[in-house]
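Heads up, the thing below is written out as structure tokens.
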Amino acid sequence: MSTKSPGEDIPIRRIDRILAFMSLGLLVLSIISFFAIMIGSSAGADFSSGIWPLVGVLVYIAPIVAFGLLLAVLIMSFARRARANRGG
């Protein structure tokens, strides 16, 4: 029986790193936007003009996109490991 030892790890591809860092960046941007809205509301900012509408939408959309990117990395990782374990 020939089995691979658990020490042999599959190398991480560039696209996996890019998607993971994009996901992390979107989450950080969403958190920063959330705190910016909190600070802006306490300061009495006008949320209907300027960049505030974009900041408001970013708080809702960025975590969803980040989750999708992480899910894509996870699926690609599982597929690559399955392919490596099959030997193809």
For F78, the other hydrophobic cluster members (4.5 Å side-chain criterion, sorted by chain and number) are L74

Residues joined to I64 in its hydrophobic cluster, side chain to side chain under 4.5 Å directly or through other members, sorted by chain and number, are none

Only pairs under 3.5 Å count here: list side-chain donor-acceptor contacts from residues 48-59, not counting sequence neighbours, and write none if there are none.
residue	atom	partner	partner atom	Å
S48	OG	D46	OD1	2.9
S48	OG	D46	OD2	3.4
S49	OG	D46	OD2	3.2

Could you give the side-chain donor-acceptor pairs of residues 23-42 under 3.5 Å, partners two or more places apart or in another chain?
residue	atom	partner	partner atom	Å
S23	OG	A66	O	3.0
S33	OG	L29	O	2.9
S41	OG	I37	O	3.2
S41	OG	M38	O	2.9
S42	OG	I39	O	2.8

Could you go through residues 12-19 and list every donor-acceptor pair under 3.5 Å that involves a side-chain atom there, pairing it with any protein atom two or more places apart or in another chain?
residue	atom	partner	partner atom	Å
D16	OD2	R80	NH2	2.1

For L71, the side chain to side chain contact (heavy atoms under 4.5 Å, CB included) test, sequence neighbours excluded, returns F67, I75

